[in-house]
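Values below: every heavy atom of this structure, side chains too, minus hydrogens, waters and symmetry copies. Because the structure is predicted, anything quoted here is derived from the model rather than measured. Numbered from 1 within each chain, the chains take letters A, B, ... in sequence-line order.
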Protein chains: 2
Amino acid sequence: MTEVIVPDIVISRLPWYLQTLNQMAKEGLHTVSSKTLSKRLGTTAAQIRKDLSYFGGFGKQGTGYSIYYLIEQLQKILNLDQVWQVAVVGAGDLGRALTHYQGFAIRGIEIVMLFDIDPKLVGTQVGSVVVRHVDSMEAEIRDKGIKIAILTVPAQVAQITADRLVDAGIEAILNYAPITLILPASVHVQHIDPVLHLQRMMYYLGEE
Amino acid sequence: MTEVIVPDIVISRLPWYLQTLNQMAKEGLHTVSSKTLSKRLGTTAAQIRKDLSYFGGFGKQGTGYSIYYLIEQLQKILNLDQVWQVAVVGAGDLGRALTHYQGFAIRGIEIVMLFDIDPKLVGTQVGSVVVRHVDSMEAEIRDKGIKIAILTVPAQVAQITADRLVDAGIEAILNYAPITLILPASVHVQHIDPVLHLQRMMYYLGEE
DNA sequence: TAGATTGTTAATCGATTAACAATC
DNA sequence: TAGATTGTTAATCGATTAACAATC
């Protein structure tokens with residue numbers, strides 16, 4: 001009891017810390033202080049220390065953090081000490097590009113299925129997977145016990161498709177369709193829309 | 001004077017409101033209350049009203065907001081009442097998929113240039129643009145007065161490429177490379193990394 | 001030892017929510 | 001008119017920052 005719930009905003013920063021720590025490890029560094037890391041990330045040392053303190057004390061006074069150890073701990077916290085299998089739904093340009101994406105494999109994400117409704121696409125090879133028809137989507141996802149899906153279908157069918165994914169046992173959806181999905185609170189949803197990011201910046205670019 | 005600076009977190013929500021308002025307009029709706037809109041977005045009515053109030057009063061007591069009028073006003077606020085020309089740097093799978101992406105054109109974003117360093121890609125057609133060599137990138141961007149770039153180059157060259165873009169006069173970068181860019185504060189940067197979003201959700205998916 | 005840096009507590013800051021008078 | 005809903009102010013909540021004792 002007295003379980004302290006870690007704020008989601010803290011969780012959202014951990015993968016970002018991890019990314020830079022991995023980069024530093026690749027550069028041959030062994031230890032890092034919260035101050036050095038904060039400079040690299042464009043945040044504050046206090047915030048990094050506060051965030052990490054939700055999970056325990058990983059550093060050493062006077063010297064900072066062992067990069068290897070911190071990476072290991074963050075991976076454990078985020079459940080990254082396993083390979084996660086992911087289904088991609090929608091084999092358009094974006095779905096195919098994501099299925100190819102090298103950045104997944106090296107970070108423990110394996111795209112194991114790719115679905116589409118277009119008979120011309122079904123059966124074609126994309127990277128190491130073959131496009132399957134959405135008709136068998138629920139059965140195959142449930143059968144393999146997949147928990148994570150990436151949604152790259154057109155906006156008009158995104159909500160129905162998401163509902164079907166939830167029925168099939170999917171618990172987390174990365175949504176690339178430009179609509180806000182309405183789903184049970186138990187399902188985790190992240191929305192990626194380049195247009196929203198661009199429009200946010202356009203505000204600051206003034207009229208001219 | 002006494003210029004009230006609108007918090008960036010408010011700005012970041014406006015494109016999201018706009019997206020759903022556009023959808024509602026397409027569905028044939030004419031007016032909407034903050035309450036109805038909030039249900040559709042999964043936020044609160046108070047927050048929508050508070051956010052909009054930074055820019056003036058767009059609604060009518062008793063009836064709510066005219067969807068068309070609100071769309072128009074939000075577009076003006078975000079500087080979307082013009083077509084923005086954008087350069088894509090990196091003609092790999094992702095860069096090409098983004099250059100094709102239909103969702104840009106219909107929302108006032110025009111991809112006018114696509115650069116790569118690979119001589120095999122230079123000169124090939126992608127949608128309506130031809131891949132150009134990065135050697136001429138600065139000159140062409142400066143020449144056309146482009147202010148926004150989308151960066152889809154490999155991580156190792158992302159920082160150098162971003163520096164070159166800033167030199168060329170770019171003021172906003174949408175970064176798809178999996179690293180944190182260090183750039184002058186005057187340059188706006190948004191980072192899109194599907195892995196970070198997936199890892200954030202993996203935290204909640206437990207071990208099993 | 002002296003210097004550096006952590007983990008944590010308290011202070012500050014900012015964002016969200018609640019409430020309601022104004023009014024369509 | 002009565003009901004609905006805005007725009008705004010004040011109250012609450014939560015996140016960030018500052019400060020510092022502990023200690024490597």
Side-chain angles (χ1 to χ4, degrees), chain A residues 2-17 20-21 24 29-74 77 180 185 200 203, chain B residues 2-17 20-21 24 29-74 77 180 185 200 203:
Chain A
T2 337
E3 272 278 316
V4 175
I5 288 170
V6 181
D8 180 61
I9 195 157
V10 171
I11 301 302
S12 76
R13 283 191 292 255
L14 300 185
W16 181 50
Y17 296 166
T20 296
L21 288 165
M24 288 177 151
L29 298 172
H30 293 276
T31 58
V32 69
S33 68
S34 57
K35 194 175 164 192
T36 309
L37 183 56
S38 73
K39 288 239 179 75
R40 185 94 165 229
L41 286 163
T43 181
T44 63
Q47 182 162 83
I48 292 172
R49 294 204 303 278
K50 186 101 213 302
D51 285 355
L52 295 178
S53 76
Y54 280 99
F55 304 95
F58 304 125
K60 217 178 250 171
Q61 285 102 326
T63 44
Y65 302 86
S66 153
I67 292 180
Y68 284 111
Y69 180 68
L70 192 49
I71 287 174
E72 196 178 54
Q73 294 303 309
L74 286 175
I77 292 166
T180 300
R200 175 181 180 176
Y203 171 79
Chain B
T2 337
E3 273 277 317
V4 176
I5 288 170
V6 182
D8 181 60
I9 196 157
V10 172
I11 301 302
S12 76
R13 283 191 291 256
L14 301 184
W16 182 49
Y17 296 166
T20 296
L21 288 165
M24 289 176 149
L29 299 171
H30 292 277
T31 59
V32 69
S33 69
S34 57
K35 195 176 164 191
T36 309
L37 183 57
S38 72
K39 288 239 180 76
R40 185 93 166 229
L41 286 162
T43 181
T44 64
Q47 183 163 81
I48 292 172
R49 293 205 303 279
K50 185 101 218 296
D51 284 354
L52 296 177
S53 77
Y54 279 100
F55 305 96
F58 302 125
K60 217 179 248 170
Q61 284 102 326
T63 44
Y65 302 86
S66 153
I67 291 180
Y68 284 111
Y69 180 67
L70 192 50
I71 287 174
E72 194 177 55
Q73 293 304 308
L74 285 175
I77 291 165
T180 300
R200 175 180 179 177
Y203 171 77

Sequence neighbours excluded and cut-off under 3.5 Å, please list the side-chain donor-acceptor pairs for residues 66-73 of chain A, or say none.
residue: A:S66; atom: OG; partner: A:Y69; partner atom: N; Å: 3.2

> Is there a side chain to side chain contact (heavy atoms under 4.5 Å, CB included) between A:T63 and A:T31 once you walk through the steps?
Replying inline: CA-CA 8 Å; A:T63 44; A:T31 58; 5.7 Å; no
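- In this structure the side chain of B:I48 reaches within 4.5 angstrom of the side chain of B:L41, judged on heavy atoms.
- Nucleotides of DNA chain D nearest to B:L52 and A:I9 differ in position, and the one nearer the 5' end is that of B:L52.
- Contacts between chain A and DNA chain C, taken as any atom within less than 4.0 angstrom of a protein heavy atom, begin and end at C:dA4 to C:dT9.
- Applying the salt bridge (charged side-chain N to carboxylate O under 4.0 Å, His left out) test to every pair with at least one member in residues 36-57 of chain A, sequence neighbours left out, gives these pairs: A:R13-A:D51, A:E27-A:R40.
- With contacts defined as side-chain heavy-atom distances shorter than 4.5 Å, the pair A:L29/A:T36 does not qualify.
- Listed by residue number, A:G57, A:F58, A:G59, A:K60, A:Q61, A:G62, A:T63, A:G64, A:Y65 are the residues of residues 56-71 of chain A with a heavy-atom contact under 4.0 Å to DNA chain C.
- Here the straight-line distance linking atom CG of A:L21 with atom OH of A:Y65 works out to 10.5 Å at 0.5 Å rounding.
- A pairwise comparison of heavy atoms in A:R200 and B:P15 identifies N-CG, 4.0 Å as the closest pair.
- Residues B:A45 and B:S38 come closest through the heavy atom pair N-CB, 3.4 Å.
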Open item on the list: Applying side chain to side chain contact (heavy atoms under 4.5 Å, CB included) to A:D8 and B:Y203, what does each step give before you reach the verdict?
Closed with: CA-CA 10 Å; A:D8 180 61; B:Y203 171 77; over 6 Å; no
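- Here the straight-line distance linking atom CD of A:Q47 with atom CG of A:L52 works out to 10.5 Å at 0.5 Å rounding.
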Evaluation steps, side chain to side chain contact (heavy atoms under 4.5 Å, CB included), between A:Y17 and A:L74 = CA-CA 9 Å; A:Y17 296 166; A:L74 286 175; 4.3 Å; yes
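- The line from CD1 of A:I11 to CD1 of A:I77 is 8.0 Å long, rounded to the nearest 0.5 Å.
- Only A:R49, A:K50, listed by number, bring a heavy atom of residues 38-51 of chain A to less than 4.0 angstrom from any atom of DNA chain C.
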Note, DNA chain C 5' to 3' with Watson-Crick or G-U pairs under 3.5 Å encoded as ( ), [ ], | and . gives ..||||||||||||||||||||||
